[in-house]
Each structure stands twice: as structure tokens, then as C-alpha cells.
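One structure is given below, encoded as C-alpha cells.
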Number of protein chains: 2
Amino acid sequence: MNDEPKRYHHGDLRRTMLDTALAMLTEENGWQFTLRELARRAGVSHTASYKHFPDKAALLAELALIGMDRLRTALLAARPSEAVTLRNQFIEMSRAYVRFGTENPNLYRLMFSADARESASGRLKEHGVAALAVLVDLIEEGQRLGWLRKGEVVEQVGAAWAHLHGVTLLTLDGLLGPDVVGSDRASDAALLVLLEGLEQHK
Amino acid sequence: MNDEPKRYHHGDLRRTMLDTALAMLTEENGWQFTLRELARRAGVSHTASYKHFPDKAALLAELALIGMDRLRTALLAARPSEAVTLRNQFIEMSRAYVRFGTENPNLYRLMFSADARESASGRLKEHGVAALAVLVDLIEEGQRLGWLRKGEVVEQVGAAWAHLHGVTLLTLDGLLGPDVVGSDRASDAALLVLLEGLEQHK
DNA sequence: ACCTGAACACCGTTCAAGT
DNA sequence: ACCTGAACACCGTTCAAGT
């Protein structure tokens with residue numbers, strides 16, 4: 001639709017580069033991100049990015065922040081109506097977390113990469129914490145209602161996050177469960193172990 | 001001690017390159033592995049490695065295999081005498097796993113990197129499974145003695161591995177627990193959640 | 001203010017040639 | 001059989017110059 005002639009000044013090259021980069025991330029899977037390749041796709045000289053990002057790591061960090069925000073959105077969307085039990089809400093949320101990783105492997109890995117972390121300094125952790133708000137809510141409410149055992153919320157959140165992170169990455173690496181490709185059984189089984197560990201047993 | 005004159009033929013360049021690479025891995029932490037840098041350290045031309053490894057990924061894969069073997073050794077060494085309870089053996093083993101990661105961050109990450117996995121094909125998974133033999137033993141014995149709930153061993157092993165993997169990586173990324181640097185409390189708390197999830201509750 | 005082109009210092013990899 | 005040096009096709013980054 002938008003077939004304006006190419007102007008020397010691009011307009012919003014920053015936004016375009018981020019979008020193009022995200023598209024590249026979701027396409028290829030055996031993946032090697034390159035500023036020059038990005039510039040080629042965006043139809044711009046390979047030095048243009050330096051007006052908008054100090055260096056490659058800064059661009060990656062920005063993508064990682066966007067990824068954290070998308071994870072937050074995905075987890076929020078996965079929380080079903082209040083009608084269902086907290087336990088089922090927790091299960092749906094957990095599945096959504098793992099699914100986010102398996103559907104966006106490159107982005108998920110980028111969100112935890114050293115490059116992004118160092119360049120984004122504290123901001124990446126902030127966005128990560130924001131993404132986990134749903135998890136925190138569920139755990140606080142679960143403790144209040146006597147579903148989960150009492151304890152430091154931050155510790156339970158940490159345990160749950162670590163578990164979900166591990167399941168996601170092992171699944172991405174093809175290391176979880178027997179060689180039943182495409183099966184969710186192994187990751188579901190792992191999630192149940194997590195649940196048992198958090199739940200109150202009378 | 002060994003001050004033989006430099007021969008044109010190195011002797012065991014393959015071994016030397018692997019050792020030098022492992023040394024580089026443990027030294028630097030904000031780390032960027034380079035074949036040319038490796039060659040410089042080994043005092044050899046930057047093309048010499050191609051006689052011993054088809055490409056960079058193959059060398060990395062070899063290092064990853066060595067890492068898996070070292071993890072196996074670390075876990076075996078951490079299994080204390082038969083006198084202590086299975087539960088304590090499990091805790092010690094878990095701590096040893098996380099400690100291996102925090103003490104060898106670059107090597108641990110390499111063990112799960114895409115480069116290494118693709119180049120090593122099945123062998124990396126094999127060595128990984130071998131490394132987890134201690135975990136499998138503990139879980140099988142735990143089920144037999146009624147300490148752990150009955151269930152598919154492979155599923156419980158997967159859940160435990162994912163949990164340990166996640167705790168290790170979040171710890172390496174500085175994302176686990178409050179900002180109590182150097183504290184093991186967050187990862188210990190997470191391990192207890194895992195234990196609760198696996199244990200039999202009467 | 002935003003973008004380009006040439007230039008620099010690096011890579012991984014190949015290949016003919018040396019020992 | 002093992003190692004080297006020149007060469008090639010790539011990077012990320014800088015900087016003077018263009019619009």
C-alpha cells in the first residue's frame with residue numbers, strides 16, 4: 001500500500017530497523033544476526049544504524065526488551081477467566097510461558113543473552129520482573145487462599161521461574177524427554193512436578 | 001619444565017589446542033572465542049587447527065563434550081557416603097550441579113550452545129545423559145525405597161534436570177533472587193521446591 | 001539532522017606451497 | 001603427515017563527506 005518514493009531521509013529508520021530485525025529473528029532458525037544483513041533488508045547503508053543505536057549490542061538489547069514485553073503480554077493473555085481454579089490458571093500460564101519460548105526461539109534466547117544484558121544494564125531485569133507479574137500474582141493469591149504453602153513469595157517465584165526457564169530451554173535444545181518430537185508430555189510432566197512442590201499438602 | 005625447542009611439527013597440537021581453549025574459557029568472562037586468538041596462544045599459525053578440526057563449530061563441540069564429562073565427574077564426586085540419607089545425597093548433588101555452572105560459566109553455556117549441539121549431533125546428548133546418571137540413580141532408588149512418589153523415571157529426571165538447568169542459568173545471569181550477591185539462598189530455596197515436588201507425601 | 005562510502009582492524013575458511 | 005602465508009569473503013565500527 002505504502003509506495004511513496006524512497007526518500008533520502010527514511011522517516012522512522014529506528015522503528016523500521018527494529019521491526020526488520022524482529023522479522024529476521026522469527027524467520028531463520030539456525031541464526032546469525034548481522035548488522036550488515038539487517039541494513040540490506042532495510043534497504044539502507046550498513047552504517048545507518050549508528051545514528052540510532054550506539055552499537056550492535058544496544059540494538060540487541062532493545063530487541064530483548066521488546067521480547068520481555070511480548071512475554072508479559074503472552075502471560076497476561078493466557079490467564080483464563082476467574083471462573084477456573086487457581087491451579088488451572090497456573091497451568092495455563094506455565095504452558096504459555098513454554099510456548100512463548102518454543103514459538104520464538106531466537107527472541108527468547110536473545111532475552112537472556114550476555115550481549116543484551118550488559119548493554120541494557122538494569123532495564124532488562126526490570127522488564128523481566130514486569131513480565132513475571134502474573135506469576136507473582138498467582139503465587140501471592142495461592143498462598144492467601146491456602147492453595148500454596150506459605151513462604152517467601154520471592155523464593156517461590158524464583159523457583160517457578162527457574163523451572164519454567166529450564167523446561168523452555170531444554171525443550172528448545174531438544175533435550176527434554178524421550179525422542180517424541182512435538183510432544184508436550186515431557187514439559188507438562190515437569191510442570192506438574194513444579195506444582196506439587198509449591199502446593200500445600202494436608 | 002618442558003623447554004624442548006619448538007619443532008615445526010608440534011607433536012600433539014590437537015590436545016594442546018583443546019587445553020588452551022579450555023584455559024581461555026575459564027579465564028575470561030565477558031567472552032568471545034576466536035580461532036585466531038587460540039592459535040596465537042598456542043603459538044601456531046591461525047590455519048593449523050584445520051588439520052585437526054574441520055571447522056570452529058567442531059572444536060567447540062569437542063569442548064562441550066569435555067564439559068559434559070567434567071559435569072559427570074563433579075556430580076559423581078558430590079555423592080556423599082552411603083551413610084547419609086538419599087534426600088541429603090540429592091541436595092548435595094543438586095548443589096554440585098549449580099556450582100559446576102557458576103564455577104565454569106563459559107563452559108556450561110557452551111555445553112548447551114547451538115554451535116556445539118549441531119556439530120556434535122547425537123554425541124552431545126549421549127554425554128549429557130551419561131552425566132545425569134547419578135540423578136537417574138538417585139531417583140530410581142528414591143522411588144524404590146518409597147521416598148519419591150512413583151512415576152515415570154524419565155519424566156522425573158527431566159523435571160529435575162530442567163529445574164537445575166534453570167536455576168543454574170538464572171544464577172549465572174544474576175536474575176535469581178534478590179540482589180544478595182554471592183548468596184546461595186535463592187538457589188537453595190528453589191532446590192527445596194523441586195524436592196517437595198518429587199517427594200512422596202503421606 | 002540524517003544518511004553514505006571509503007577505510008580499518010578484525011574474523012573464519014581455503015589452498016597452494018613449504019618442511 | 002603436519003604446518004605456514006597469502007588470499008577471499010565476510011564482519012563491526014569510525015569518520016569525513018554528502019543531502
Side-chain angles (χ1 to χ4, degrees), chain A residues 2 4-22 24-25 27-28 30-64 106 109-110 113-120, chain B residues 2 4-22 24-25 27-28 30-64 106 109-110 113-120:
Chain A
N2 182 342
E4 314 178 30
K6 268 205 167 170
R7 298 179 306 278
Y8 188 85
H9 286 77
H10 185 282
D12 196 355
L13 184 53
R14 186 190 151 88
R15 189 72 254 154
T16 302
M17 296 201 101
L18 289 176
D19 290 342
T20 309
L22 284 168
M24 289 168 68
L25 245 59
E27 278 173 38
E28 311 150 49
W31 168 66
Q32 190 59 15
F33 186 81
T34 266
L35 280 188
R36 288 171 111 111
E37 170 73 11
L38 170 60
R40 263 174 243 128
R41 297 251 198 151
V44 91
S45 112
H46 67 269
T47 58
S49 67
Y50 287 88
K51 266 293 153 191
H52 303 278
F53 307 94
D55 55 19
K56 187 185 180 185
L59 200 162
L60 291 179
E62 218 62 44
L63 295 174
N106 294 325
R109 289 199 156 98
L110 176 60
S113 78
D115 265 359
R117 179 163 19 92
E118 279 154 28
S119 187
Chain B
N2 183 342
E4 314 177 29
K6 269 205 167 172
R7 297 177 308 276
Y8 187 84
H9 287 76
H10 185 284
D12 195 355
L13 184 52
R14 187 189 152 87
R15 190 72 251 155
T16 303
M17 296 202 102
L18 288 175
D19 290 342
T20 308
L22 285 168
M24 289 167 68
L25 246 60
E27 279 174 35
E28 311 151 49
W31 170 66
Q32 189 59 14
F33 187 82
T34 265
L35 280 188
R36 288 171 111 110
E37 171 73 13
L38 171 60
R40 266 174 241 126
R41 295 252 198 149
V44 90
S45 114
H46 67 270
T47 58
S49 68
Y50 287 86
K51 266 293 152 194
H52 302 277
F53 306 94
D55 54 18
K56 188 185 179 183
L59 199 160
L60 291 179
E62 219 61 45
L63 295 174
N106 294 325
R109 289 200 155 98
L110 177 61
S113 77
D115 265 0
R117 178 161 23 90
E118 280 154 27
S119 187

Test item: A:Leu35 and A:His46 side chains (from C-beta on) under 4.5 Å apart, heavy atoms = no
Rounding to 0.5 Å, atoms CG (A:Asn106) and CG (A:Leu22) come to a distance of 11.0 Å
Between CZ of A:Arg14 and CG of A:Asp19, what distance do you get to the nearest 0.5 Å?
-> 11.0 Å
Rounded to the nearest 0.5 Å, what separation is found between the CE atom of A:Met24 and the CD atom of A:Gln32?
-> 10.0 Å
List in numerical order all residues of residues 34-41 of chain A for which some heavy atom is under 4.0 Å away from an atom belonging to DNA chain D.
-> A:Thr34, A:Leu35, A:Arg36, A:Arg40
To the nearest angstrom, how far is A:Asp55 atom CG from D:dT14 atom P?
-> 8 Å
Measure the distance from NZ on A:Lys56 to C1' on D:dC11 and round it to the nearest whole Å.
-> 8 Å
Can you tell me how far P of D:dT4 sits from NE2 of B:His52, to the nearest Å?
-> 10 Å
Would you indicate what B:Lys51 reaches in the nucleic acid, counting non-hydrogen atoms under 4.0 angstrom: base, sugar-phosphate, or nothing?
-> base
What is the distance from CG of A:Leu60 to P of D:dG12, rounded to the nearest Å?
-> 10 Å
Any donor-acceptor N/O pair under 3.5 Å between C:dG12 base and B:Thr47 side chain = no
Roughly how many Å is it from CZ in A:Phe53 to P in D:dT14, rounded to a whole number?
-> 16 Å
Could you state the atom-to-atom distance from OH of A:Tyr50 to C1' of D:dC11 in whole Å?
-> 9 Å
Heavy-atom distance under 4.5 Å between the side chains of A:Leu13 and A:His52, does that happen here?
-> yes
Atom CZ of B:Arg14 and atom C1' of D:dA1: how far apart are they, to the nearest Å?
-> 16 Å
Once you round to the nearest 0.5 Å, how far does NZ of B:Lys51 lie from OG of B:Ser45?
-> 12.0 Å
Decide yes or no for B:Phe33 and B:Leu110: does some side-chain heavy atom of the first lie under 4.5 Å from some side-chain heavy atom of the second?
-> no
Mind pulling the stems DNA chain C is in, i.e. runs of at least three Watson-Crick or G-U pairs, everything under 3.5 Å?
-> C:4-8 with D:12-16, C:12-16 with D:4-8
From CA spacing to verdict: side chain to side chain contact (heavy atoms under 4.5 Å, CB included), A:Thr34, A:Leu38 = CA-CA 6 Å; A:Thr34 266; A:Leu38 170 60; over 6 Å; no
Figure out the NE2/P separation between B:His46 and C:dC10, and round it to whole Å.
-> 13 Å
Would you mind reporting whether B:Met17 and B:Val44 have side-chain heavy atoms less than 4.5 Å apart?
-> yes
